[in-house]
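The structure appears right after this line, and notes come after that.
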Amino acid sequence: MAEEKSLNFIEEIIENDIAEGVNGGRVQTRFPPEPNGYLHIGHAKSICLNFGLAKKYNGKCNLRFDDTNPTTEETEYVESIKKDIEWLGFKWDNEFYASDYFDKIYQFAVTLIKKGCAYVDDSTAEEIAATKGSTFQAGSDSPYRGRSIEENLRLFEEMRDGKYEDGAKVLRAKIDMAHPNLLLRDPVIYRIKHAHHHRTGDKWCLYPMYDFAHGESDSIEEITHSICTLEFIHHRPLYNWFIEQLGIFPSKQYEFARLNLTYTVMSKRKLLKLVNEGYVTSWDDPRMPTLSGMRRRGYSPEAIRKFCDTVGVAKRENMIDLSLLEFCVREHLNKVTDRVMAVLDPVKMIITNYEEAGDVFEIENNPETPNGYRSVPFGKELWIERDDFMEDAPKKFFRLTPGNMVRLKGAYIVKCEGCKKDEAGNVIEVHCTYLPESKSGNDTSGLTVKGTIHWISVQHALTAEVRNYDRLFKVEDPSSEEGDFKDYINPDALQVMPSVYIEPSLAKARPGESYQFMRKGYYCVDTDSTADKIIFNRTVGLKDTWAKETKKN
RNA sequence: AGUCCGAUGGUGUAACGGUAGCACCACAGUUUUUGGUACUGUUUGUCUAGGUUCGAAUCCUGGUCGGACUACCA
């Protein structure tokens with residue numbers, strides 16, 4: 001028997017419902033984004049939850065665009081959202097739009113008016129806010145609250161027909177101006193907006209508010225479990241009130257805590273600022289927590305899904321360590337990426353006793369998931385990492401230092417003989433001798449060395465641009481710091497290395513492909529790459545216990 | 001001030017009145033032709049005060065702390 005994973009609280013609710021035969025045991029969820037921006041990692045949690053639940057319980061999950069505010073929504077966003085969901089690996093059962101239901105929702109409003117449960121209010125937004133009261137003070141009734149059903153019906157129709165300017169009138173639910181829950185103090189449910197809608201065009205100048213569209217859309221689609229984030233918890237009584245008054249399918253709303261990640265921000269408003277004010281280059285900038293940014297950075301859908309699964313679903317506020325996401329990314333990439341060699345900060349190594357025409361080594365692509373071998377040409381002159389050589393090294397330095405030996409990955413063991421410096425004292429060449437009998441694969445030297453380093457043959461090296469990314473902010477929670485969140489942006493979050501050396505096998509690398517640069521990290525080919533200039537993004541570095549060790553001292 | 005949520009190691013998340021477990025992080029070690037991976041181990045926790053009970057992280061009461069709510073946004 002497989003070990004049973006404990007259920008999250010929503011799964012418990014669903015299993016109870018199924019056991020009790022609620023809705024005949026049917027499970028129908030939905031992912032309801034507003035098409036006014038790009039999806040981020042927080043949305044991924046919701047997507048994994050909604051689609052995951054449907055899958056787990058043999059149900060269905062709809063993609064529904066909550067497009068009730070024509071002034072902020074665009075088709076461009078619809079397309080990017082669909083692309084991101086597909087990339088994450090989910091398929092929706094139906095693609096719906098709240099705007100598909102505008103006629104039905106309008107009729108719902110008429111029903112409410114006829115029941116005496118809604119009225120047309122001529123007050124201004126300011127007047128409505130002023131009579132709303134506050135958390136410790138009851139509101140007061142609008143002077144228009146007592147209008148007759150007939151008058152309300154006529155006025156509402158005229159609103160729809162375009163007789164009034166934006167803001168001249170609204171439709172309000174008639175509930176209770178003294179209700180402790182401010183949302184139930186006669187909420188506005190329809191407002192006039194003479195605006196072009198990305199799907200319904202100019203058909204409407206009257207649009208329902210979220211509270212009068214969301215639950216109604218859920219009900220129309222017969223959503224059984226309507227899952228949203230905690231900030232909507234106060235809306236639930238309203239959600240239920242409308243459904244009850246209308247006598248429509250009783251969808252139920254459940255709330256979970258949204259995802260927060262350290263060293264980034266998640267609010268659409270803040271992300272928009274980062275883009276508009278040029279702190280990042282675009283929505284898909286690899287520093288962004290957007291799904292498009294993460295995709296471009298090289299985070300895999302598998303890793304993101306694993307991450308969402310690992311963080312769990314609960315009702316308490318949370319702040320997830322970025323290191324957990326990075327762990328998930330490394331865990332997946334470790335299994336699937338081919339290893340290659342790239343020298344980011346080069347210094348030349350000369351093997352003084354190597355006079356061969358030039359060996360070509362067959363090096364294993366992936367020790368975790370065997371994926372064949374590739375040819376890597378060798379030579380007398382190699383590029384190696386500058387920090388793999390140290391003239392005066394500490395005891396635990398297992399790399400090149402005069403008199404010490406290392407293995408050149410997949411090739412020979414070399415012994416460091418010394419170095420050559422320029423007038424300023426910078427090392428410009430590292431001199432070594434190699435042991436011919438230590439050839440990789442049939443080493444008869446009997447030697448074991450502690451260090452293995454990567455290398456690129458100078459004669460065969462290709463060049464590439466590398467973009468190293470780091471956390472976007474310097475502090476864990478920029479939103480909770482004093483002052484402007486932008487003051488905490490990490491200026492070193494992007495570090496461009498215009499010309500690094502990569503092994504010739506990478507000539508075939510294509511945008512989107514991921515590799516492990518041995519001993520360095522995971523890198524993927526950026527979409528900015530061209531035929532003559534290949535660009536790599538650092539997805540995430542490898543764990544570096546040596547760096548940690550040196551930092552300690 | 002009111003209403004509603006919530007509170008378990010540094011971070012997340014389990015335990016559904018009966019041994020506080022798992023993952024990440026951190027630290028130590030083993031293996032290693034990546035100072036990677038894998039494996040092993042260590043440190044660290046039930047907000048608080050009462051109550052119910054043979055027994056409480058769990059149930060009850062009070063307190064404390066954190067969050068959400070006063071848009072013609074979603």
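In what follows, chains are A, B, ... by sequence order, proteins preceding strands, each numbered from 1. Given the structure is predicted, the values throughout are model-derived calculations rather than measurements.
- Remark: the Asp218(A) side chain and the Tyr239(A) side chain contain an N/O donor-acceptor pair separated by less than 3.5 Å.
- Nucleic acid contact class of Ala314(A) (heavy atoms, under 4.0 Å, all strands): sugar-phosphate only.
- Protein atom CH2 of Trp455(A) is 18 Å distant from nucleotide atom P of U33(B), rounded to whole Å.
- Two residues, Ala129(A) and Glu368(A), neighbour RNA chain B, and the one matched to the more 5' nucleotide by heavy-atom proximity is Glu368(A).
- Note on Glu364(A): nothing from the nucleic acid sits closer than 4.0 angstrom, heavy atoms only.
- Using a 4.5 Å cut-off on side-chain heavy atoms (C-beta onward), Phe378(A) and Ile351(A) make contact.
- Judged by distance alone, with hydrogens and angles left aside, Glu476(A) brings no side-chain donor or acceptor close enough to the base of G10(B) to form a pair under 3.5 Å.
- Residue Gly37(A) is classed as having no contact, given no heavy-atom separation below 4.0 Å to the nucleic acid.
- Ser134(A) has no side-chain polar atom (N or O) that falls below the 4.0 Å cut-off from OP1 or OP2 of A1(B).
- The closest side-chain donor-acceptor pair between Asn468(A) and Tyr523(A) falls under 3.5 angstrom.
- For Met319(A) and A7(B), the CE to P distance is 18 Å, given to the nearest whole Å.
- Protein atom CG of Asp166(A) is 14 Å distant from nucleotide atom P of C72(B), rounded to whole Å.
- Note on Val188(A): only backbone sugar-phosphate atoms sit closer than 4.0 angstrom, heavy atoms only; bases stay farther off.
- Nucleic acid contact for Phe232(A): base, since at least one base atom lies under 4.0 Å from a heavy atom of the residue.
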side-chain hydrogen bond (donor to acceptor under 3.5 Å, both in side chains) assessment of Asp186(A) paired with Tyr119(A): CA-CA 9 Å; Asp186(A) 289 10; Tyr119(A) 61 97; 2.6 Å; yes
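- Across the C1' atoms, A26(B) and G6(B) are found 28 Å apart, a figure rounded to whole Å.
- Nucleotides G50(B) and U13(B) place their C1' atoms 29 Å apart, quoted to the nearest Å.
- Centre separation under 5.5 Å together with a plane angle under 30° does not hold for the ring of Phe136(A) and the six-membered base ring of G2(B), so they are not marked as stacked.
- A gap of 15 Å separates the C1' atoms of A23(B) and U44(B), to the nearest Å.
- At a threshold of 4.0 angstrom between heavy atoms, the contacts of Val313(A) are confined to the sugar-phosphate backbone, with no base atom among them.
- Considering Glu503(A), Lys520(A), Lys409(A), Arg519(A) as possible partners of His454(A), the one that fulfils the side chain to side chain donor-acceptor pair (under 3.5 Å) test is Arg519(A).
- Contact of His235(A) with A74(B) (side chain to base): a donor-acceptor pair of N or O atoms is detected under 3.5 Å.
- In terms of polar N and O atoms assigned as donor or acceptor, the side chain of Ser440(A) comes within less than 3.5 Å of the base of U33(B) in a complementary pairing.
- Checking each of Met518(A), Glu385(A), Met341(A), Met349(A) against Trp455(A) for a side-chain contact (heavy atoms from CB on, under 4.5 Å) leaves exactly one that passes, namely Met341(A).
- Here Phe327(A) lies in heavy-atom contact (under 4.0 Å) with sugar-phosphate atoms only.
- Between the side chain of Arg519(A) and the base of U34(B), no donor-acceptor pair of N or O atoms lies under 3.5 Å.
- Note on Gly451(A): nothing from the nucleic acid sits closer than 4.0 angstrom, heavy atoms only.
- No side-chain donor-acceptor contact under 3.5 Å links Asp66(A) to the backbone of His214(A).
- The distance between atom CD of Gln516(A) and atom P of U37(B), rounded to the nearest whole Å, is 9 Å.
- In this structure, the NZ atom of Lys315(A) is 16 Å from the P atom of U8(B), given to the nearest Å.
- Rounded to whole Å, the C1' atom of C39(B) lies 12 Å from the corresponding atom of U32(B).
- Side-chain polar atoms of Lys252(A) and Ser226(A) form no donor-acceptor pair below 3.5 angstrom.
- Taking atom C1' in both C24(B) and U19(B), the straight-line distance is 25 Å, to the nearest Å.
- Taking 4.0 angstrom as the limit, Arg258(A) places none of its side-chain polar atoms (N or O) nearer than this to OP1 or OP2 of G67(B).
- Separation of the C1' atoms belonging to A20(B) and U58(B) is 11 Å when rounded to the nearest angstrom.
- In this structure, Lys548(A) reaches the C27(B) phosphate: one of its side-chain N or O atoms is under 4.0 Å from OP1 or OP2.
- Between the side chain of Asn8(A) and the backbone N or O of Ile10(A), at least one donor-acceptor pair lies under 3.5 Å.
- Between C27(B) and U8(B), the distance separating the two P atoms is 25 Å to the nearest Å.
- In this structure, Lys543(A) reaches the C25(B) phosphate: one of its side-chain N or O atoms is under 4.0 Å from OP1 or OP2.
- In a base pair of the Watson-Crick type (N1 to N3 plus N6-O4 or O6-N4) or a G-U wobble (N1-O2 and O6-N3), with each distance short of 3.5 Å, U40(B) is matched with A28(B).
- Pair assignment for U34(B): none, as no Watson-Crick or G-U wobble contacts are both less than 3.5 Å.
- For the P atoms, the distance linking U37(B) with G45(B) amounts to 27 Å, nearest Å.
- Under the Watson-Crick or G-U wobble criterion, with both distances below 3.5 Å, G63(B) is paired with C47(B).
- Of all nucleotides present, only G2(B) satisfies the Watson-Crick or G-U wobble test against C69(B), with each distance under 3.5 Å.
- Under the Watson-Crick or G-U wobble criterion, with both distances below 3.5 Å, A20(B) has no partner in any strand shown.
- For Tyr101(A), there are no ring-ring contact (aromatic ring centres under 6.0 Å, His included) partners, not counting sequence neighbours.
- Phosphate contact (OP1/OP2 of U33(B), side-chain N/O of Lys450(A), threshold under 4.0 Å): absent.
- Across all strands, Asn181(A) comes closer than 4.0 Å to no nucleic acid atom at all (heavy-atom distances).
- Atom P of nucleotide G6(B) and atom CD of Glu317(A) are separated by 11 Å, given to the nearest angstrom.
- Residue Thr545(A) is in sugar-phosphate contact alone, with no base atom involved, counting any heavy-atom pair closer than 4.0 Å across all strands shown.
- Base contact: Pro367(A) has a heavy atom under 4.0 Å from a base atom.
- Not a single donor-acceptor pair, N or O on each side, falls under 3.5 Å between the base of G67(B) and the side chain of Arg316(A).
- Note on Arg269(A): every side-chain N or O is 4.0 Å or more away from OP1 and OP2 of A71(B).
- Across all strands shown, Arg236(A) has no heavy atoms under 4.0 Å from either base or sugar-phosphate atoms.
- Distance CD (Glu385(A)) to P (U34(B)): 16 Å, rounded to an integer number of Å.
- Using a 4.0 Å heavy-atom criterion, one finds that Thr369(A) contacts no nucleic acid atom at all.
- Nearest-nucleotide mapping onto RNA chain B: of Glu34(A) and Leu324(A), the residue sitting toward the 5' end is Leu324(A).
- Heavy atoms of Arg185(A) sit nowhere under 4.0 angstrom from any nucleic acid atom.
- At whole-Å resolution of the value, NZ in Lys306(A) and C1' in U13(B) are 14 Å apart.
- Here the side chain of Arg399(A) is nearest to one of C73(B), A1(B), G35(B), namely G35(B).
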